[in-house]
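Data first, discussion second: the structure below is written as structure tokens.
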Amino acid sequence: MKISSRNGIKGKVEKDEEGPITANVKIKIENPTEITAVITKESVGDLNIKVGDEVVAIIKATEVMVGKE
């Protein structure tokens, strides 16, 4: 995956809490740090994100996006 942002942090999905429109995806970075990204349920489905997956938290300005290779 190639992107312009240089703020990617690798971690493992620890929890996926889906609501009616968005999902809170908790990413374990390094004990005890954790990042929570609020992304759409569609993105969770498109990326096939599941608990235990290795992902990258991509931080740009005030938002956090999630990428998966």
Side-chain angles (χ1 to χ4, degrees):
M1 171 177 62
K2 291 184 179 183
I3 58 171
S4 62
S5 177
R6 298 292 179 239
N7 299 322
I9 302 170
K10 291 184 179 182
K12 186 175 281 190
V13 175
E14 193 165 79
K15 197 172 196 179
D16 173 16
E17 300 171 340
E18 292 191 12
I21 297 172
T22 62
N24 291 339
V25 178
K26 299 202 181 284
I27 303 168
K28 191 73 163 182
I29 303 302
E30 188 177 306
N31 270 341
T33 305
E34 181 177 88
I35 293 174
T36 299
V38 177
I39 62 176
T40 64
K41 287 174 60 176
E42 182 178 10
S43 292
V44 170
D46 288 348
L47 294 171
N48 195 26
I49 292 175
K50 295 181 190 76
V51 172
D53 283 349
E54 296 286 334
V55 296
V56 178
I58 303 158
I59 301 167
K60 182 87 172 171
T62 59
E63 298 194 19
V64 176
M65 300 181 301
V66 176
K68 180 179 170 185
E69 292 184 24

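Bear in mind the structure is a predicted one, so any value in this text is a computation, not a measurement. Every heavy atom of this structure was used, including side-chain atoms; hydrogens, water molecules and symmetry mates were not.
- Once rounded to the nearest 0.5 Å, the distance linking CG of Leu47 with CG of Asp53 reads 9.5 Å.
- Annotation: Glu42, atom CD; neighbour count of heavy atoms from other residues, nucleotides and ligands within 6.0 Å does not exceed 12.
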Evaluation steps, side chain to side chain contact (heavy atoms under 4.5 Å, CB included), between Val56 and Ile9: CA-CA 5 Å; Val56 178; Ile9 302 170; 5.8 Å; no
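- If you take CG on Asp16 and CD1 on Ile39, they are separated by 7.5 Å, rounding to the nearest 0.5 Å.
- Summarising the geometry, atom CD1 belonging to Ile29 is positioned 4.0 Å from atom CD1 belonging to Ile35; distances are rounded to the nearest 0.5 Å.
- The shortest side-chain heavy-atom distance between Glu14 and Ile27 does not fall under the 4.5 Å cut-off.
- Between Glu69 atom CD and Glu54 atom CD the span is 10.5 Å, to the nearest 0.5 Å.
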Worked verdict on Thr22 versus Lys41 for side chain to side chain contact (heavy atoms under 4.5 Å, CB included): CA-CA 5 Å; Thr22 62; Lys41 287 174 60 176; 5.9 Å; no
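- Within a 6.0 Å sphere centred on NZ of Lys12, heavy atoms belonging to other residues, nucleotides or ligands number 12 at most.
- In this structure, CD1 in Ile58 is found 11.0 Å from NZ in Lys10, a value given to the nearest 0.5 Å.
- For the residue pair Lys50 / Asn48, a side-chain donor-acceptor distance below 3.5 Å is found, with atom types taken as modelled.
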